[in-house]
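Take a look at the structure set out below.
Positions are given from 1 along the sequence.
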Amino acid sequence: MDNINKTYKFIISGGGTGGHIFPAIAIADALKAINTNNEILFVGANGKMEMEKVPAAGYNIKGLDVAGLQRSLSPKNLLLPFKVLKSLFQAYKIIKNYKPNACIGVGGYASAPTLFVAALMGIKTFIQEQNSYPGITNKILSKFANTIFVSYEHMNQFFPNDKIVLAGNPIRKDIVQTNIDKNNAYSHFNLNNTKKTILIIGGSLGARTINQSVQKFYQDWINNDYQILWQTGKFYYDNIVKEIPNAPNDLKIMQFIKEMDLAYTVADVIISRAGALSISELCVIGKPCILIPSPNVSEDHQTKNAMALVNKNAAVLVKDNEATQVLGTTLLQLMNNEQQLQSLSNNIKSLAKNNAANTIAQTIIQKINA
């Protein structure tokens, strides 16, 4: 690339959840990998997760006083117009002082004012849409954006076709490691390397329905000679440990699994929510999955994410409101069907996009110079 030695300044804006923050950091890392002199400033929402996670990853971040519309009738909604105006002014000041070559929005409260102001100021703007069904903010911002990076096919029903680049979701670097010793991974979690392992992940905060279902069925699974590695999430861990004070050896209960690369290595089947980032990681991992989409998200986008895999026979879907009845037998039937396990694994692996962050970074630099 002719412009590989040029240096650029970027603003990356958004956050609120790991599903927005981790792709944003992956894009930043890819821009720095192209040229270590490239400068990156994050813009997030004050009080949100990004204000802690981004500095921990080694990047500077500035916060906007921005909030979303409360779905219930709330007095907080009366203050929303003032917060919007304040956040637009804050975004203007940050952009004016920093003078970026491009602004990249990854979703979350802060991305809307930042990208809107940047577009009005004539700065090239880019959207990274993680989900198969975009939220209203990105639909509006797409009218101003130069390029929209998507993770699913058929997104031209939401965005202008000529702006779309199918790149996939950028994922954490440690997830794509392939040189992990499997025996070391079993030892790390004190698991038996001769038994099949069920990995349960409901996100860092946890997932109530998944946890309730595992509590109900774990003994059946252990009786069938399986072992369980269970991330409960921080909201549920204490109660679960109280309710299962003497957990059997084949049940490992953890509040949060930091070493997800090792957890994915030992897993034979994974039970998970269907957030966009989780699905992107699961495609790269290539293990059979049971997806239980969260019903508590806008536009029910997790179900739409999951169906994009289910329709290609790349995952099994269990509805949230049915999980406590059917997850037990669904898991056992799957574990006993070697042909289905292999088929799910092959199909989900075929959907993986390992190079998403690099594709996005390279394309942004090309578009700056177009």
Using the side-chain contact (heavy atoms from CB on, under 4.5 Å) rule, take D65 and F82 through it: C-alpha gap first, then chi angles, then the decisive distance, then the call. CA-CA 10 Å; D65 295 314; F82 302 101; over 6 Å; no

R273/D320 under salt bridge (charged side-chain N to carboxylate O under 4.0 Å, His left out): CA gap, chis, key distance, verdict: CA-CA 9 Å; R273 284 299 197 201; D320 186 87; 2.8 Å; yes

Between I244 and L251, does the side-chain contact (heavy atoms from CB on, under 4.5 Å) criterion hold? Intermediate values first, please. CA-CA 10 Å; I244 312 174; L251 179 66; 4.3 Å; yes

Pair I198-M335, side-chain contact (heavy atoms from CB on, under 4.5 Å): steps then yes or no: CA-CA 9 Å; I198 303 156; M335 294 295 265; 4.0 Å; yes

Take L282 and L291 through the test side-chain contact (heavy atoms from CB on, under 4.5 Å) and record every step on the way to the result. CA-CA 10 Å; L282 294 172; L291 300 175; 3.9 Å; yes

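More than 12 heavy atoms of other residues, nucleotides or ligands sit less than 6.0 Å from atom NZ of K9. The neighbour count for K216 NZ, taken as heavy atoms of other residues, nucleotides or ligands under 6.0 Å away, is above 12. Enclosure of atom NZ in K93 is not indicated, since only 12 or fewer non-hydrogen atoms of other residues, nucleotides or ligands lie within 6.0 angstrom. Other residues, nucleotides and ligands contribute only 12 or fewer heavy atoms inside 6.0 Å of the OH atom of Y92. Atom CD of E52 has 12 or fewer heavy atoms from other residues, nucleotides or ligands within 6.0 Å. Counting heavy atoms of neighbouring residues, nucleotides and ligands inside a 6.0 Å radius, atom NZ of K86 does not exceed 12 of them. More than 12 non-hydrogen atoms from other residues, nucleotides or ligands lie less than 6.0 angstrom from CD of E243. In I136, the CD1 atom is not crowded: 12 or fewer heavy atoms of neighbouring residues, nucleotides or ligands sit closer than 6.0 Å.
For the pair Y186/H188, no side-chain contact is recorded, criterion being any heavy-atom separation below 4.5 Å from C-beta on. In this structure, the side chains of N369 and Y8 come closer than 4.5 Å at one or more pairs of heavy atoms. Using a 4.5 Å cut-off on side-chain heavy atoms (C-beta onward), I365 and N38 make contact. Proximity of P170 to F22: side-chain heavy atoms (C-beta onward) are nowhere separated by under 4.5 Å. Contact check for F10 versus L41: no side-chain heavy atoms found under the 4.5 Å cut-off. Side-chain contact between L191 and K252: present, with at least one pair of heavy atoms (C-beta onward) separated by less than 4.5 Å. The side-chain heavy atoms of D162 and I164, taken from C-beta on, include no pair separated by under 4.5 Å. Residues M260 and I201 are in side-chain contact: their nearest non-hydrogen atoms beyond the backbone lie under 4.5 Å apart.
Aromatic pair Y133/Y152: centroids not less than 6.0 angstrom apart.
Atom CD1 in I104 sits 12.0 Å away from atom OG1 in T114 (nearest 0.5 Å). Separation of atoms CD1 (I11) and CD1 (I123) is listed at 7.0 Å; rounding is to 0.5 Å. In this structure, OH in Y237 is found 14.0 Å from CZ in F256, a value given to the nearest 0.5 Å. Put simply, OG1 on T330 and CD1 on I271 are 9.0 Å apart, with the number rounded to the nearest 0.5 Å. Note that CD1 of I348 is 5.0 Å distant from CG of L309, once rounded to the nearest 0.5 Å. With rounding to the nearest 0.5 Å, the separation of OG1 in T265 from CG in L199 is 10.5 Å.
Applying the side-chain contact (heavy atoms from CB on, under 4.5 Å) test to A323 and every residue at least two apart in sequence or in another chain returns T209, S213, I292, V318. Under the rule for a side chain to side chain donor-acceptor pair (under 3.5 Å), N156 has no partner lying at least two apart in sequence or in another chain. Annotation: side-chain contact (heavy atoms from CB on, under 4.5 Å) contacts of T17 (sequence neighbours excluded): H20. For S280, the side-chain contact (heavy atoms from CB on, under 4.5 Å) criterion is met by N169, I171, not counting sequence neighbours. Looking at residues two or more places apart in sequence or on another chain, you find a side-chain contact (heavy atoms from CB on, under 4.5 Å) between T359 and A167, N355, T363.
The pair D225-K195 meets the salt-bridge criterion, with a side-chain N (NZ, NE, NH1 or NH2) lying under 4.0 Å from an Asp/Glu carboxylate O. A salt bridge links K312 with E153: the distance from a Lys NZ or Arg NE/NH1/NH2 to an Asp or Glu carboxylate oxygen falls below 4.0 Å. The pair E129-K163 does not count as a salt bridge, with every side-chain nitrogen at least 4.0 angstrom from each carboxylate oxygen.
No donor-acceptor pair under 3.5 Å is formed between the side chain of Q90 and the backbone N or O of L64. The main-chain N or O of L341 is never found under 3.5 Å from a side-chain atom of S345 such that the two would form a donor-acceptor pair. For N35 (side chain) and L31 (main-chain N/O), no donor-acceptor pair under 3.5 Å exists by modelled atom type. With hydrogens and angles disregarded, no donor-acceptor distance shorter than 3.5 Å links the side chain of Q212 to the backbone of T324. In this structure a side-chain-to-backbone donor-acceptor pair under 3.5 Å is missing from Q340 to L334.
In this structure, a donor-acceptor pair under 3.5 Å is present between the side chains of N346 and Q342. When only modelled atom types and interatomic distance are considered, W221 and D250 share no side-chain donor-acceptor pair under 3.5 Å. Judged by distance alone, the side chains of N60 and Y98 never bring a donor and an acceptor atom under 3.5 Å apart. The closest side-chain donor-acceptor pair between D300 and T303 falls under 3.5 angstrom. In this structure, a donor-acceptor pair under 3.5 Å is absent between the side chains of S151 and N131.
Nearest heavy-atom pair, A306 versus I279, reported as atom, atom and distance to 0.1 Å: N-CD1, 3.9 Å. A pairwise comparison of heavy atoms in F144 and T125 identifies O-OG1, 3.5 Å as the closest pair. The minimum heavy-atom distance between T232 and Y236, with the atom names listed, is O-CD1, 3.6 Å. Taking every heavy atom of both residues into account, S132 and F158 meet most closely at O-CE1, 3.5 Å. Listed here is the closest heavy atom pair of P100 and I95: CD-O, 3.5 Å. Contact between A45 and Y109 at its shortest, heavy atoms only, is CB-CB, 4.3 Å.
Note on residues 339-355: no pairs pass salt bridge (Lys or Arg N to Asp or Glu O under 4.0 Å), not counting sequence neighbours.
Under the 4.5 Å side-chain heavy-atom criterion for Ile, Leu, Val, Met, Phe, Trp and Tyr, L351 and M307 are members of distinct hydrophobic clusters. Under the 4.5 Å side-chain heavy-atom criterion for ILVMFWY residues, a single connected hydrophobic cluster contains both V241 and I210. By the criterion of side-chain heavy atoms lying less than 4.5 angstrom apart, applied directly or through intervening Ile, Leu, Val, Met, Phe, Trp or Tyr residues, L317 is not grouped with V214; the two fall into different hydrophobic clusters. Linking ILVMFWY side-chain heavy atoms closer than 4.5 Å, directly or via other members, places L166 and I127 in a single hydrophobic cluster.
Judged by the 6.0 Å distance and 45° axis criteria, K139 is not positioned over the aromatic ring of F159.
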